[in-house]
Amino acid sequence: MSKPAVTELLQAAVTAVKGTERPGQAAMAEAVAEAVEDGRHLLVQAGTGTGKSLGYLVPALAHGERVVVATATLALQRQLVERDLPRTVEALHPLLRRRPEFAMLKGRSNYLCLHRLHEGVPQEEEDGLFDPFESATPTSKLGKDLLRLRDWSDETETGDRDDLKPGVSDRAWGQVSVSSRECLGASKCAYGAECFAEAARERAKLADVIVTNHALLAIDAIEGAPVLPGHEVLIVDEAHELVSRVTGVATGELTPGSVGRAVRRVAKLVDEKAADQLQTASETFERLMELALPGRLEAVPEDLEYALMALRDAGRSCLSALGNTRDSSVQDEDAVRKQAKAAIENIHDVAERILEHSEFDVLWYERHERYGASLRVAPLSVSGLLREKLFTDRSVILTSATLKLGGDFNGVGASLGLAPEGIRGTEAAEKSADDGLPVWSGLDVGSPFDYRKQGILYVAGHLNPPGRDVQRSDMLDELAELVEAAGGRTLGLFSSMRGARAAAEELRGRLGLPILLQGEETLGELIRRFAEDAETCLFGTLSLWQGVDVPGPNCQLVVMDRVPFPRPDDPLMSARQKAVEESGGNGFMAVAATHAALLMAQGAGRLVRATGDRGVVAVLDPRLQRARYGGFLRTSMPDFWYTTDRNQVRRSLSAIDEAAKKA
């Protein structure tokens with residue numbers, strides 16, 4: 001019996017979710033089905049409103065082989081598992097004559113650990129040994145959270161932190177969860193048969209579609225110990241985030257705090273000589289970090305090299321001693337030993353990695369106001385890693401609303417380890433295959449929105465270019481006039497928290513409008529309040545550039561204070577830029593401009609979220625008009641009507657505001 005056509009399946013799925021079939025969605029579904037069938041790789045740019053989740057879920061379910069879908073955000077994971085997949089499976093069941101199974105899988109620390117919950121947390125001596133449950137009516141916030149977690153453990157079927165409403169603090173969750181390194185293992189744990197994390201893995205093994213996150217995908221690819229079941233198709237949604245998530249997983253870090261905790265955890269479990277060796281190495285490292293200045297290390301200084309060698313050697317001695325020494329006075333010693341071993345292994349491995357670093361690693365000191373100094377090591381590029389680990393033995397589909405920068409897919413493709421765009425059957429594609437490079441194609445299915453009629457891109461070309469000074473008085477004047485003309489309704493996207501704070505303080509003094517500022521309340525609460533009140537404005541930084549979805553009249557002005565280039569002193573970005581230049585390329589365009597283009601495309605995408613939305617994206621940085629790279633950045637954004645006429649924009653904002661009030 002022949003398979004139903006993808007178009008027929010898509011129509012059934014769209015009807016089931018009460019949606020509207022769109023040409024871009026249909027084109028995407030057919031392209032994904034073709035790529036999966038042929039075992040090829042595909043990059044799909046699908047603008048906001050395309051309905052891309054159904055565009056890849058329908059052909060994936062129809063294929064009949066196991067599929068992994070990796071996303072960047074919790075919101076999309078939940079949408080897929082709680083809404084899109086159940087309805088789509090139900091709709092396709094009669095046509096496919098089978099009912100595909102699906103499951104969600106996350107890292108182990110996202111699940112409640114019953115051993116931790118019932119046996120208690122291995123505590124360091126100076127933290128005090130206490131039982132947070134000892135009082136029937138705990139008074140501390142931590143005690144109340146832990147009591148609620150214990151009650152929840154009897155009700156939950158998943159043990160997934162994200163299913164707990166309302167949530168608890170990171171500190172409380174840390175008391176009842178473990179990392180994969182700290183886990184005793186199901187066979188050695190008294191609660192192994194009931195383990196929530198193990199149950200999630202078992203469900204995933206039986207599923208046709210597994211929904212996970214970029215971080216777990218990266219761990220599966222990088223660490224060589226598979227955490228995801230074998231699969232024939234990988235779909236990466238929100239793919240513009242993948243490189244940064246993989247880089248995060250591949251970054252090692254040492255801090256005086258983490259080393260100190262390891263010393264305390266291992267002290268009672270090893271002989272005195274090994275404990276003293278680690279203590280001495282820890283003190284040396286801590287003294288050195290007190291003097292560390294932020295910035296990149298081109299080479300490991302002699303004093304740091306000595307400290308890292310001492311940490312590495314002490315770590316090795318402790319790991320050896322952990323296998324030989326037992327202390328019956330330590331309650332639940334296996335769990336304590338596992339936690340200590342995990343801490344020591346991390347210190348040993350990162351110290352050794354830094355000591356043995358190559359030209360393909362970047363080392364730097366970082367200093368945080370709250371957490372102090374840290375020493376970090378990250379790969380100069382993850383493109384080779386992704387090319388080797390991601391694009392072999394399976395078809396990979398990558399999709400996002402922003403994959404095409406400056407008019408083509410090559411910038412994003414290069415960051416993923418893909419050669420310049422090759423279309424199947426062309427000479428370029430054949431050469432890529434001969435060179436062992438993944439053969440791929442790119443497809444832009446557009447958007448159902450008419451951007452030129454629904455939005456204006458305004459560049460304030462008359463302003464002074466931004467400098468290091470946060471207080472740009474002419475920019476603040478322009479911002480105040482725009483917000484006033486819009487009657488509020490403004491999402492302010494700033495390149496730094498200092499800039500957002502300065503603008504919020506200034507406009508709160510000038511305008512009689514509520515100005516919400518990121519950090520003054522949880523992000524979810526801020527977005528809720530912004531969406532509910534037309535006069536309210538919301539100002540903030542990075543997470544707002546990508547995480548706000550407010551369709552309708554309450555978000556009619558999106559303002560960017562400046563082109564969001566990476567900080568000039570960002571060690572990793574500057575190292576990547578330098579590497580491109582040394583190989584003969586344009587480092588600024590390949591790294592800094594591409595980074596800015598991606599953020600600006602995402603930020604501009606906050607404006608039009610539905611067919612009836614209208615408004616203005618205002619960029620208060622004249623470089624977008626004047627600089628040579630301005631065209632590259634503008635081409636990466638939605639195709640809004642473009643102007644530098646400030647009076648025209650004020651009239652348009654006022655008209656949109658009046659129309660919204662009458663609606």
Side-chain donor/acceptor of [X] to backbone N/O of [Y], under 3.5 Å:
{"X": "R312", "Y": "A351", "value": "no"}
{"X": "T212", "Y": "L105", "value": "yes"}
{"X": "R606", "Y": "L544", "value": "no"}
{"X": "D220", "Y": "V227", "value": "yes"}
{"X": "Q518", "Y": "T541", "value": "yes"}
{"X": "R387", "Y": "G417", "value": "yes"}
{"X": "R116", "Y": "G174", "value": "yes"}
{"X": "W173", "Y": "S109", "value": "yes"}

Side chain to side chain contact (heavy atoms under 4.5 Å, CB included) evaluation trace for T247 with R576: CA-CA 12 Å; T247 300; R576 288 175 171 174; 3.3 Å; yes
Which heavy-atom pair separates [X] from [Y] by the least distance, and what is that distance?
{"X": "T158", "Y": "F196", "answer": "O-CB, 3.3 Å"}
{"X": "A172", "Y": "D145", "answer": "CB-CB, 3.7 Å"}
{"X": "S153", "Y": "L112", "answer": "CB-CD2, 3.3 Å"}
{"X": "S495", "Y": "D561", "answer": "N-OD1, 3.1 Å"}
{"X": "V259", "Y": "I347", "answer": "CA-CD1, 3.6 Å"}
{"X": "P294", "Y": "R367", "answer": "CG-CB, 3.9 Å"}

Heavy-atom distance under 4.5 Å between the side chains of [X] and [Y], does that happen here?
{"X": "N213", "Y": "R245", "value": "no"}
{"X": "L319", "Y": "K341", "value": "yes"}
{"X": "L517", "Y": "M497", "value": "yes"}
{"X": "R264", "Y": "S282", "value": "no"}
{"X": "S374", "Y": "H368", "value": "no"}
{"X": "L278", "Y": "S317", "value": "no"}
{"X": "R161", "Y": "V176", "value": "no"}
{"X": "E525", "Y": "E520", "value": "no"}

Working for side chain to side chain contact (heavy atoms under 4.5 Å, CB included), residues L242 and L390: CA-CA 11 Å; L242 183 62; L390 210 66; 3.9 Å; yes
Stepwise side chain to side chain contact (heavy atoms under 4.5 Å, CB included) check, H595 with F565: CA-CA 7 Å; H595 171 88; F565 292 122; 5.8 Å; no
Hey, are [X] and [Y] close enough for a salt bridge, meaning a charged N less than 4.0 Å from a carboxylate O?
{"X": "E182", "Y": "K338", "answer": "no"}
{"X": "R287", "Y": "E290", "answer": "no"}
{"X": "K273", "Y": "D271", "answer": "no"}

Side chain to side chain contact (heavy atoms under 4.5 Å, CB included) between L308 and L375, intermediate numbers included: CA-CA 11 Å; L308 291 172; L375 174 64; 4.0 Å; yes
Y191 and H115 aromatic ring geometry - parallel, tilted or perpendicular at 30°/60° bounds: perpendicular
Geometric class of the F494/F539 ring pair [parallel <30°, tilted 30-60°, perpendicular >60°]: tilted
Distance-only side-chain donor-acceptor flag, E241 / Q546, under 3.5 Å: yes
side-chain hydrogen bond (donor to acceptor under 3.5 Å, both in side chains) pairs, two or more places apart, involving residues 348-364: R181-D349, W364-E366
Quick check for you: to the nearest 0.5 Å, what is the distance between [X] atom [atom1] and [Y] atom [atom2]?
{"X": "F391", "Y": "L418", "atom1": "CZ", "atom2": "CG", "answer": "4.5 Å"}
{"X": "L405", "Y": "N410", "atom1": "CG", "atom2": "CG", "answer": "10.5 Å"}
{"X": "T284", "Y": "D303", "atom1": "OG1", "atom2": "CG", "answer": "10.5 Å"}
{"X": "S179", "Y": "N346", "atom1": "OG", "atom2": "CG", "answer": "9.5 Å"}
{"X": "S574", "Y": "R296", "atom1": "OG", "atom2": "CZ", "answer": "6.5 Å"}
{"X": "R562", "Y": "S496", "atom1": "CZ", "atom2": "OG", "answer": "7.0 Å"}

T73 and its side chain to side chain donor-acceptor pair (under 3.5 Å) partner, picked from R78, H214, E238: E238
Neighbour count >12 (heavy atoms, 6.0 Å) for atom CE, M309: no
Listed partners of Y111 passing ring-ring contact (aromatic ring centres under 6.0 Å, His included), at least two apart: none
Derivation and outcome, salt bridge (charged side-chain N to carboxylate O under 4.0 Å, His left out), residues D162 and K106: CA-CA 11 Å; D162 296 317; K106 303 177 183 178; 2.5 Å; yes
